Number of protein chains: 2
Amino acid sequence: MDRSGRRPRTDSVRNRELLLQAAAAVFSAGGPEASLEAVARRAGVGIGTLYRHFPTREALFEAVYRREVEQLSDLAEQLRTEAAPVEALRSWLRSNVAFVATKKGMAAALALAVNKKSDLTAYSYDRLTRAVASLLDRAVAAGEIRADISPEDLLRALVGMSYLHDQPGWQESVLRLVDVLVDGLRRPPGPGRS
Amino acid sequence: MDRSGRRPRTDSVRNRELLLQAAAAVFSAGGPEASLEAVARRAGVGIGTLYRHFPTREALFEAVYRREVEQLSDLAEQLRTEAAPVEALRSWLRSNVAFVATKKGMAAALALAVNKKSDLTAYSYDRLTRAVASLLDRAVAAGEIRADISPEDLLRALVGMSYLHDQPGWQESVLRLVDVLVDGLRRPPGPGRS
DNA sequence: TATGATACGGAGGGCCCCTCCGTTTTTCAA
DNA sequence: TTGAAAAACGGAGGGGCCCTCCGTATCATA
């Protein structure tokens with residue numbers, strides 16, 4: 001704690017910055033070598049220094065992401081005054097997708113093993129894709145829903161929406177989202193954006 | 001390999017089954033104690049036996065999940081002949097949500113640290129939720145989209161949809177799904193299911 | 001410059017991953 | 001029934017990572 005009026009030590013400030021940069025680099029690369037010890041090595045500081053600055057894995061993650069999150073927050077503010085309501089919403093959602101794109105490697109690195117699923121999904125997704133495809137194709141053939149969404153896309157959207165929820169009652173919200181998604185599928189590809 | 005006509009050893013068959021049951025139990029519980037060594041301990045076999053039956057973490061995961069995946073696949077076949085097209089699709093999607101509910105603990109366990117995000121999301125989601133809420137509220141106020149979807153739900157849906165994609169070109173499919181989602185939001189809460 | 005406050009580094013205990021190989025169990029033929 | 005070959009078992013052990021602890025080094029102030 002720096003309750004006193006003392007200035008923070010310069011080496012402390014410098015090391016904190018070094019650690020943040022190293023963490024961004026190491027985590028973005030992802031993979032198994034994304035350990036906290038690797039971050040410390042890359043920053044050129046001892047492991048103890050890393051833990052003093054960021055007591056938990058999550059603390060480090062949060063510090064690195066904070067700036068980017070604020071960027072997205074600012075973008076929303078900007079869009080709110082510069083675009084029509086629905087288009088502003090759509091535009092922000094789209095920016096968020098791009099944001100996740102550049103940073104998902106980092107998220108995977110934090111999960112330590114998330115990106116190892118390529119072999120797993122081979123069987124599971126193939127099987128489930130066939131299942132959903134059989135339903136999707138029939139609905140499309142009946143002319144009741146749009147035809148430009150693939151079963152893979154739909155499946156991933158579904159699993160993804162379920163995947164991140166943790167609160168009690170999350171199932172209700174996912175079911176509501178499923179209804180929205182289906183409503184969206186119902187109309188033919190409308191006058192899209194831009 | 002058992003290229004010969006020899007019967008498989010009974011202890012081998014028994015241990016394989018013990019391991020599958022132990023893995024389901026340990027992984028469902030999730031948490032940090034979901035190590036492969038814990039699975040072996042619970043099954044009452046040596047760690048070497050586990051690795052002989054399931055050389056990789058993914059092999060064990062796949063074996064446990066195979067039955068449940070096939071169950072979902074069968075359900076689709078059944079629905080295909082017993083319900084109207086769109087309702088069959090919706091119904092299957094909903095069953096899938098329930099399926100993920102019971103098994104997400106296992107998925108988290110395999111990722112080793114995925115469930116540690118509760119503290120992380122506190123800040124990040126709060127910030128991003130405010131951002132999306134500002135846009136959502138305005139669109140709702142303008143009467144252009146339905147009002148029963150919370151910003152939290154929308155955000156999680158979005159992140160989730162992005163989260164599971166790995167193939168090149170995944171961004172396009174996510175963007176397409178975002179369009180579907182928005183189209184779905186556009187109409188007022190229609191004549192929902194059941 | 002002296003000194004107390006602050007930060008640094010890395011050794012070390014614990015847990016886990018995965019491999020390797022001596023030991024035990026099982027199958028099958030005689 | 002018996003015994004030898006085949007198959008499977010178990011766990012020690014090397015390596016890596018997590019995180020803590022504390023003696024040492026550095027910095028801010030007087």
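Keep in mind that what you see is a predicted model, and the values were worked out from it rather than measured. Chain letters run A, B, ... following the sequence lines, proteins first and then strands; every chain starts at 1.
- Side-chain contact between Y51(A) and L36(A) is present, with heavy atoms from C-beta onward closer than 4.5 Å.
- Interatomic distance, OG1 of T49(A) versus CG of L19(A), reported as 7.5 Å (0.5 Å rounding).
- Closest-nucleotide positions on DNA chain C for V45(A) and T10(B) were compared, and the one nearer the 5' end corresponds to V45(A).
- Considering only side-chain atoms of S35(A), the nucleotide from dT27(C), dC17(D), dC27(D) that sits closest is dC17(D).
- Residue order along DNA chain D, read from the 5' end via each residue's closest nucleotide, puts E37(A) first among E37(A) and G48(A).
- The base of dT26(C) does not come close enough to the side chain of R7(B) for any donor and acceptor atom to sit less than 3.5 Å apart.
- Going from atom CZ of R14(B) over to atom C1' of dT25(C) covers 10 Å, rounded to whole Å.
- Between N15(A) and dA7(C) there is no side-chain N or O to OP1 or OP2 distance below 4.0 Å.
- In this entry the distance linking CG of L18(B) with P of dA8(D) reads 16 Å, nearest Å.
- In the set dG10(D), dT20(D), dT27(C), the nucleotide with an atom closest to the side chain of I47(A) is dT20(D).
- At whole-Å resolution of the value, CG in L36(A) and C1' in dT20(D) are 14 Å apart.
- Taking for each of G46(A) and P55(B) the nucleotide of DNA chain C with the nearest heavy atom, the 5'-most of the two is the partner of G46(A).
- When rounded to the nearest whole Å, the span between CZ of R9(B) and C1' of dT23(C) equals 12 Å.
- To the nearest 0.5 Å, atoms CG (L185(B)) and CD (E144(B)) are separated by 12.0 Å.
- The nearest whole Å value for the distance from the CZ atom in F54(A) to the P atom in dC8(C) is 11 Å.
- The structure places CG of D183(A) at 5.5 Å from CZ of R146(B), a figure rounded to the nearest 0.5 Å.
- Contact check on D153(B) versus R176(A) returns a salt bridge, with a Lys/Arg side-chain nitrogen under 4.0 Å from an Asp/Glu carboxylate oxygen.
- Rounded to an integer number of Å, the gap from CZ of R52(B) to C1' of dT25(C) is 12 Å.
- The NE2 atom of H53(A) sits 12 Å away from the C1' atom of dG9(C) (whole-angstrom rounding).
- If you take CG of L50(A) and P of dG9(C), they are 11 Å apart, rounded to a whole angstrom.
- The phosphate of dT26(C) has neither OP1 nor OP2 within less than 4.0 Å of any side-chain N or O from S12(B).
- At the phosphate of dA8(D), neither OP1 nor OP2 sits under 4.0 Å from any side-chain N or O atom of T49(B).
- Here dA28(D) is the nucleotide among dA12(D), dA28(D), dC8(C) with the atom lying nearest to any side-chain atom of R6(A).
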